[in-house]
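The next block holds one structure in the form of structure tokens; read it before the comments.
Here the structure is a predicted model, which means the values were calculated and not measured.
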Amino acid sequence: AVHLHLATIGGQAVCLTVIEDLREHQQRQQTLEDSQQLLRTIVEAFPHPFYTKDLTGKYTLANELIHRSSRTPLGEMVGKRVGDLVHLAEASRVAIAADDAKVFSTGEPLIITRATDYIDGHSAFHKTTKFPIKNPAGQVTGLIAFTEDVTDAVQWEQRLERSHKLLRDTLDAMPFPITIKDADLRLLMVNRAYANVAGKSVEEMIGHRSSEIIWPDLANALDSMDHQVLTTKQPVVAPSKSFLNRDGHRIQLRLGKYP
């Protein structure tokens, strides 16, 4: 670059010419632009909504997916805060702002899975991961976050929990002892009737073998039948038999095992 300056020296007008080599500056500018373009490419290639915020809570970077999920025209999220996202219910906006504040104050990452409520009445479950942005001095200057829609996974888990509860309630309603074991013969589930026979709580029996929780006379019979079922892959039903419990009393039981 050439800069011309008019000046007066010794009463005479002179023209000063300053020549500046801008190649280094242009190279730095090009490097910066290339870096920004690379960042934009990475952000847009990210498979989930992705954004950054400054300490005031304003979005400073947002990919297309976060614009879609926020129902905001492309390019209009930067400069906005979560409170400006009118498609979200008030409680969800408050919760998101509180999460941001926690990252800013602690300087620690935060992973949250919760329901996001919308003003149109529907809800979705999101897993959001937030990381603090720090300067060379270690001070928090903002945050990076990405959000994954886990609605299907959460709903499947809820259905599984309901199904498990139904099975548990059904087993507990049975008047006779019932157990479910894995291939290693460890208890996966027992009903209350079985726990009463063993004289233990349901919780302290899970994960144990029969020999570890019930009297030897019955445990030996159960183990023998278990191995027979695992070997033949066929049901085994034994005739009614009396067993000596830990209290020295005999009880009459009819045992059945099914693969």
Side-chain angles (χ1 to χ4, degrees), residues 47-48 95 99 102 106 108-117 122-131 146-259:
H48 304 296
D99 294 337
K102 186 173 183 179
T106 65
E108 298 294 331
L110 183 64
I111 300 176
I112 325 101
T113 299
R114 69 156 66 92
T116 302
D117 299 320
H122 89 278
S123 296
F125 287 92
H126 293 101
K127 179 181 179 181
T128 301
T129 303
K130 300 186 176 186
F131 294 93
F146 59 89
T147 298
E148 180 182 1
D149 190 324
V150 293
T151 303
D152 289 344
V154 171
Q155 289 178 343
W156 272 110
E157 184 176 343
Q158 290 175 340
R159 285 194 286 269
L160 181 61
E161 289 177 355
R162 289 195 294 268
S163 177
H164 188 274
K165 184 178 185 303
L166 176 61
L167 175 60
R168 155 66 46 207
D169 292 344
T170 301
L171 291 179
D172 283 340
M174 299 292 183
F176 40 83
I178 297 177
T179 65
I180 299 175
K181 298 181 180 180
D182 62 18
D184 197 35
L185 302 182
R186 294 186 181 276
L187 291 165
L188 298 175
M189 184 175 290
V190 303
N191 67 348
R192 289 197 182 97
Y194 187 86
N196 291 336
V197 169
K200 296 181 178 294
S201 69
V202 170
E203 291 73 22
E204 63 183 321
M205 299 176 73
I206 301 303
H208 292 280
R209 295 185 176 93
S210 297
S211 58
E212 298 171 338
I213 58 175
I214 208 161
W215 53 92
D217 192 18
L218 177 58
N220 291 336
L222 293 174
D223 286 346
S224 176
M225 294 178 68
D226 288 341
H227 287 295
Q228 187 176 347
V229 170
L230 291 178
T231 301
T232 65
K233 298 180 174 56
Q234 297 295 324
V236 176
V237 179
S240 178
K241 180 181 177 181
S242 66
F243 295 91
L244 186 67
N245 66 17
R246 288 194 177 92
D247 297 329
H249 301 105
R250 287 200 167 272
I251 60 173
Q252 199 76 15
L253 296 175
R254 183 170 180 264
L255 306 179
K257 298 282 185 175
Y258 301 85

Suppose we screen for side chain to side chain contact (heavy atoms under 4.5 Å, CB included). Which residues come up paired with Thr232, at least two apart in sequence or across chains? Gln228, Gln234
Working to the nearest 0.5 angstrom, can you tell me the gap between Glu204 CD and Ile213 CD1? 8.5 Å
Can you name the closest pair of heavy atoms from Leu230 and Ala183 and give their distance? CD1-O, 3.7 Å
Name all residues meeting the side chain to side chain contact (heavy atoms under 4.5 Å, CB included) criterion together with Ala124; count only those two or more places apart in sequence or in a different chain, and write none if there are none. Tyr118, His126, Asp149, Thr151
Ile112 vs Lys102 side-chain heavy atoms within contact, under 4.5 Å: no
His227 side, atom NE2; Met225 side, atom CE - distance, nearest 0.5 Å: 12.5 Å
Under the side chain to side chain contact (heavy atoms under 4.5 Å, CB included) rule, what do Lys257 and Leu222 come out as? Steps first, then yes or no, please. CA-CA 9 Å; Lys257 298 282 185 175; Leu222 293 174; 3.8 Å; yes
With sequence neighbours excluded, what pairs up with Asp99 under the salt bridge (charged side-chain N to carboxylate O under 4.0 Å, His left out) test? Arg114
Donor-acceptor contacts under 3.5 Å from residues 187-195 side chains, at least two apart:
{"unit_1": "Asn191", "atom_1": "OD1", "unit_2": "Ile178", "atom_2": "N", "d": "2.9"}
{"unit_1": "Asn191", "atom_1": "OD1", "unit_2": "Tyr194", "atom_2": "N", "d": "3.0"}
{"unit_1": "Asn191", "atom_1": "ND2", "unit_2": "Leu171", "atom_2": "O", "d": "3.1"}
{"unit_1": "Asn191", "atom_1": "ND2", "unit_2": "Phe176", "atom_2": "O", "d": "2.9"}
{"unit_1": "Arg192", "atom_1": "NH1", "unit_2": "Asp172", "atom_2": "OD2", "d": "3.2"}

Give me the atom names and distance for the closest heavy-atom approach of Ala219 to Ser211. CB-CA, 3.8 Å
To the nearest 0.5 Å, tell me how far Ile214 CD1 sits from Asn220 CG. 11.0 Å
Let me confirm one number: the NZ-OG1 distance from Lys130 to Thr147, rounded to the nearest 0.5 Å. 7.0 Å
How close do Val229 and Tyr258 get, heavy atom to heavy atom, and via which atoms? CG1-C, 4.1 Å
In terms of heavy-atom contacts, Pro177 and Val197 come closest through CG-CG2, 3.8 Å
Considering all heavy atoms, the nearest Ala221-Leu255 contact: CB-CD1, 4.1 Å
In Å and rounded to the nearest 0.5 Å, what is the OG1 to NE2 distance from Thr116 to His122? 8.5 Å
How long is the straight-line distance from NE2 of His48 back to OG1 of Thr128, given to the nearest 0.5 Å? 11.0 Å
Where do Asp184 and Asp182 come nearest, in terms of heavy atoms and distance? N-OD1, 2.9 Å
Sequence neighbours left out, what passes side chain to side chain contact (heavy atoms under 4.5 Å, CB included) with Ile111? Give chain and number order. Lys127, Thr129
Qualifying salt bridge (charged side-chain N to carboxylate O under 4.0 Å, His left out) pairs with a residue from residues 150-167, counting only residues at least two apart or across chains: Lys165-Asp169
